[in-house]
Amino acid sequence: MKTETQSMKTEMQDMKTETQSMKTEMQDMKTETQSMKTEMQGMKTEIQGIRSDLRDLEHRTINIELHLENTTDKNIQLLAENFIELSNKLNQAIPAADKNLAYEVKVNYLLEEVDKLKKRSRKRKQNNVATTV
């Protein structure tokens, strides 16, 4: 009986040791779980920050799109319309400039002819004066 009691005590001691070991393991698991909860809370906070940044980015994108649509597109359209108008005016002005250039060439030619005629006229006068003297 003593042996049985001793055996039971040993078994009880082993069970206590195993229970203590299990308690330690459970405590470790609780600590790990708490650590995981803390990490997850940190991740939740980061995700909230990312969501907030994403909302801000969406608002900025919408504002940029509206600016492009309302301001930039209209300004580009105005520039294009004015460019077309200026191009048409330039095309109308260029033939006039070409005509002016042609008239300038004709006037220069006529001035040269007048100069030649004046020289001939002077020579004739000089010849007439020389023959009469």
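Nothing here was measured: the structure is a model prediction, and the numbers come from that model.
Counting heavy atoms from C-beta outward, R120 and L117 have side chains that approach closer than 4.5 Å. Contact check for D73 versus Q77: no side-chain heavy atoms found under the 4.5 Å cut-off.
From L66, atom CG reaches atom OG1 of T61 across 11.0 Å, with rounding to the nearest 0.5 Å. Distance check: R60 CZ to D53 CG gives 10.5 Å after rounding to the nearest 0.5 Å. Between atom CG of residue L110 and atom CG of residue D115 there is a gap of 11.0 Å, rounded to the nearest 0.5 Å. Rounded to the nearest 0.5 angstrom, Y103 OH and N108 CG are separated by 15.0 Å. To the nearest 0.5 Å, atoms CD1 (I47) and CZ (R51) are separated by 6.5 Å. Note that CG of L68 is 11.0 Å distant from CG of N75, once rounded to the nearest 0.5 Å.
Using a 4.0 Å cut-off between charged side-chain N and carboxylate O, E58 and R55 make no salt bridge.
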Atom pairs and distances, side-chain donor-acceptor, residues 27-39, under 3.5 Å, sequence neighbours left out:
| residue | atom | partner | partner atom | Å |
| --- | --- | --- | --- | --- |
| T31 | OG1 | Q27 | O | 2.9 |
| T33 | OG1 | M29 | O | 2.7 |
| T38 | OG1 | Q34 | O | 2.9 |

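For residues 81-92, the set of pairs meeting the salt bridge (Lys or Arg N to Asp or Glu O under 4.0 Å) definition, not counting sequence neighbours, comprises E85-K89.
Under a 3.5 Å cut-off, the side chain of S52 and the backbone N or O of Q48 do not form any donor-acceptor pair.
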